[in-house]
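So that the names make sense, note that chain A is the first sequence line, chain B the second, and so on, each numbered from 1.
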Amino acid sequence: MVRVRFAPSPTGYLHIGSARTFIFNWLYARKTGGTMILRLDDTDVERNTDASVQSIYDGLNWLGLNWDEFYRQSDRLDLHQKSAWAIYEKGMAYRDFTPAHQGDEERGHEGGPWLFNADARAMSQEESDRRAAAGEPFVLRFKVPRNAGHKVKFADQVYGLQEKEADDIEDFALLRSNGMPTYHLASCADDADLRITNIVRGQDHLSNTFKHVLIFEALGDAMPQFAHLPLLVAPDGAKLSKRKHGPVVSVTTYRDAGFLPHSYVNFLCLLGWSPKDNREQMSREELVAAFSFEGVNRSNATVNFSDADPIDPKALWLNSQHLRTCPVAELAEPVRAALTAAGLGVPYDEAWFLATIDLIRARYTTLHDFPAKGRAYFADDFEMTPEALVKLDAPQARELCRELGARLEAETEFTEASVEASLRKLCEERGVKAGVLINGSRAALSGQAVGPSAFHLFVAVGRERAIVRLKSA
RNA sequence: GGCGCCAUCGUCUAACGGUUAGGACAGAGCCCUCUCAAGGCUUAAAUAGGGGUUCGAUUCCCCUUGGCGCUACCA
């Protein structure tokens, strides 16, 4: 039985890289009929915020991603302590009374990396016990095997066999001097306790995994399978960060930009993963069916954005594809929300609403286009675009519009066919190309120079409104 | 500095060691057309460099370069 988890630390809003990690876990769980677990890794009390927890919920919620079990590490400190001391009891950890290392920021170590404090590691049991009993603070460190040639290895489902000399691994901390578990310990203890079968996470943890393997072994628990995901980076190659790259890294940005949740999920899936058959637009079911770790790429994926164009054009394209092809009914709710947010009244005639969405959606790329470019369908106060004015100002266009309005008013029938007949007849009588009036009336009715076929537009706008708009052209 | 990972068009990516290195987005152009979009067609655009192995390397190995990650009680 597959059990996977997404374990964010709530120290900021939901990052798109985190969202993608959730998605890949989720796809694997759904594909295998396994269990998806959300676990808040909130052991860093100083940096955790409720706002961040909320943003994680909001983001996942918006994306339509759900989970089956939920935990917070802060509720499980007991387990972490027990696990750490169990490792200590097995002689695989030791107390280190050395004060916390200060003045870091110098990453360069002349003669190789720091591995451990020799005195602490060699300290006698008696002295260690005595100083602990005296209340002296200490960190509990893992005693990494130092016998020459000892190798730590694991098989990654994406990166293949990984191997590292134990001598290159420092004696990392298990418990901080305040008694709180470190990320490494808490994460492994929880993964073991929750019987996680597959750990799917960002590649930034690939080298940490050697430590985790050591912890799992020390705990005597079954080793989960690991699958690391390539990172999402900015066009300059740097890891995405709010400070450097701003709102492009936050999931809510795409929600606010008028994305359909699923199309954004679809986009994220294509970053670092491929179904290998050239498919790009895929439904959720198709993604679940196609997902595999073999399809995951190993190199970092660049999110393509710039100051001028803060949203990846491919994401926009995918959104327009989904917008134009999904069942119209699925659009009713999001479009309604977009209209409301823009202060427009929500249409009461559901059939008309759906038909209108269906008519205009093919030309739109985000939900924002409905209240913006599509304003004239839902409101009577709308602006003319400069391009629309050009069409209206074509020779005779306004006059023809007014005349057409008058003629339509005199007719009882109002269908695409009847409107077209009247319009063409009028143009023929005046010896004008039909295109002039077709384009002119599109402008008069919708304020836009571009849009759906004009005769569909007449029907969508409706007889009364169409006549008023034509006559006031 | 040490260790680890990675390297195909601008971007996302495909290619059992044998292909004119394919697709998509973005760009340019044409067609279609009541406009725009869609659609169709065309065009430009890549295997980081150097050595091997092989009859044959995008593909396997090594080196270089570059990028990213981790690196003493952040996750």
Side-chain angles (χ1 to χ4, degrees), chain A residues 7-9 11 41-44 46-47 96 98-102 104 106-117 137-141 156 159 162-165 167-178 180-184 186-187 202-211 228 230-231 233 235-239 267 270-281 297-305 309 312-318 320-321 324 362-365 373 387-388 391 420 423 433-443 448-455:
Chain A
S9 53
T11 56
D41 278 9
D42 54 353
T43 54
D44 187 358
E46 333 267 275
R47 293 169 58 207
D96 182 352
T98 315
H101 188 252
Q102 298 298 331
D104 330 47
E106 20 90 35
R107 279 297 182 229
H109 300 283
E110 299 298 301
W114 173 89
L115 288 175
F116 54 89
N117 296 319
F138 60 85
V139 277
L140 193 68
R141 286 191 188 285
D156 190 275
Y159 288 91
Q162 302 295 312
E163 214 176 69
K164 187 169 185 166
E165 299 277 347
D167 282 335
D168 288 323
I169 303 172
E170 77 278 8
D171 284 0
F172 53 92
L174 261 18
L175 253 28
R176 302 188 250 234
S177 52
N178 63 4
M180 289 292 283
T182 62
Y183 161 74
H184 300 301
S187 175
Q203 193 237 44
D204 45 346
H205 284 298
L206 191 62
S207 34
N208 286 331
T209 305
F210 295 104
K211 297 171 191 168
H228 287 87
L231 263 22
V233 299
D236 63 5
K239 198 172 160 179
F267 170 69
L270 262 20
L271 253 24
W273 173 81
S274 160
K276 302 205 186 273
D277 56 9
N278 285 343
R279 276 185 297 170
E280 309 227 87
Q281 186 194 350
N297 214 1
R298 284 180 294 280
S299 47
N300 293 346
T302 306
V303 180
N304 196 10
F305 65 87
D309 207 353
D312 193 313
K314 194 143 192 174
L316 247 13
W317 172 77
L318 265 176
S320 68
Q321 292 300 310
R324 92 174 84 251
R363 289 168 179 77
Y364 294 170
T365 55
K373 294 180 186 168
E387 295 78 12
K391 302 281 186 187
E420 178 162 9
L423 185 148
K433 282 195 295 183
V436 174
L437 183 49
I438 288 174
N439 290 330
S441 53
R442 177 182 294 107
Q448 303 276 320
V450 302
S453 164
F455 304 113

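The two residues A:Q448 and A:A388 come nearest to each other via the heavy atoms C-CB, 3.7 Å. For the residue pair A:P230 and A:S299, the shortest heavy atom distance occurs at CB-O, 3.2 Å. Annotation for A:I438 and A:L423: closest pair CG1-CD2, 3.7 Å, computed over non-hydrogen atoms.
When heavy atoms are screened at a 4.0 angstrom cut-off, A:N117 is found touching base atoms of the nucleic acid. Nucleic acid contact class of A:T98 (heavy atoms, under 4.0 Å, all strands): base. As judged by a 4.0 angstrom heavy-atom cut-off over every strand, A:A454 is placed among the base-contacting residues. A:S453 comes within contact range of at least one nucleobase, with a heavy-atom separation under 4.0 Å. At a threshold of 4.0 angstrom between heavy atoms, the contacts of A:S177 include nucleobase atoms, whether or not backbone atoms are also involved. Within 4.0 Å of A:Q162, counting heavy atoms only, lie sugar-phosphate atoms of the nucleic acid but no base atom. No contact: A:G202 has no heavy atom under 4.0 Å from any strand. Using a 4.0 Å heavy-atom criterion, one finds that A:H184 contacts the bases of the nucleic acid, with or without backbone contacts as well. Note on A:R47: a base of the nucleic acid sits closer than 4.0 angstrom, heavy atoms only. Heavy atoms of A:P452 sit under 4.0 angstrom from at least one base atom. Within the 4.0 angstrom heavy-atom criterion, only backbone atoms of the sugar-phosphate kind lie near A:R298; the bases stay farther away.
Taking the side chain of A:N439 as heavy atoms from C-beta on, and the options B:U35, B:A14, B:U71, the nearest nucleotide is B:U35. Distances from the side chain of A:N304 to the nucleotides B:C70, B:C12, B:G10 place B:G10 closest. Candidate nucleotides B:G69, B:C12, B:A75 were compared by shortest atom distance to the side chain of A:N208, and B:A75 ranks first. Closest to the A:D168 side chain, of the nucleotides B:U13, B:C6, B:G2, is B:G2. Checking B:C36, B:G4, B:G69 against every side-chain atom of A:D204, the shortest atom distance belongs to B:G69. Nearest to the side-chain atoms of A:R324 among the listed nucleotides B:A75, B:A38, B:C73 stands B:A38.
Taking the P atom of each, B:U19 and B:U59 are spaced 13 Å apart, rounded to whole Å. A distance of about 31 Å separates the P atoms of B:G67 and B:A21, rounded to the whole Å. B:A48 and B:C9 are spaced 7 Å apart, taking the P atom of each and rounding to whole Å. Remark: the separation of the P atoms in B:A26 and B:C6 is 32 Å, to the nearest Å.
Between A:R279 and A:D277, at least one side-chain nitrogen of the basic residue sits less than 4.0 Å from a carboxylate oxygen of the acidic one, meeting the salt-bridge criterion.
In the displayed structure, A:R324 atom CZ is contacted under 6.0 Å by more than 12 heavy atoms of other residues, nucleotides or ligands.
Of the residues near RNA chain B, A:Y183 and A:V450, the one whose nearest nucleotide (by heavy atom distance) lies more toward the 5' end is A:V450. The 5' end of RNA chain B is approached more closely, in terms of each residue's nearest nucleotide, by A:N297 than by the other of A:N297 and A:A449.
At B:U71, none of the side-chain N or O atoms of A:S207 fall inside 4.0 Å of OP1 or OP2 (strictly under the cut-off). A sub-4.0 Å separation between OP1 or OP2 of B:A75 and a side-chain N or O of A:R176 is present. Look at A:T182 and you won't find any side-chain N or O under 4.0 angstrom from OP1 or OP2 of B:C74. For B:C73, the OP1/OP2 oxygens have a side-chain nitrogen or oxygen of A:R141 closer than 4.0 Å.
In this structure, the ring of A:H205 has its center no less than 6.0 angstrom from the ring center of A:F210.
Exactly one of A:L174, A:D171, A:T182, A:L175 qualifies for a side chain to side chain contact (heavy atoms under 4.5 Å, CB included) with A:R141. That residue is A:D171.
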Could you list all N or O pairs between the protein and nucleotides 41-49 of chain B that sit under 3.5 Å apart?
none

Within the sub-3.5 Å range, which N or O atoms of nucleotides 65-68 of chain B have a protein N or O partner, and how far apart are they?
from, atom 1, to, atom 2, distance (Å)
B:C68, O2', A:N300, ND2, 3.3

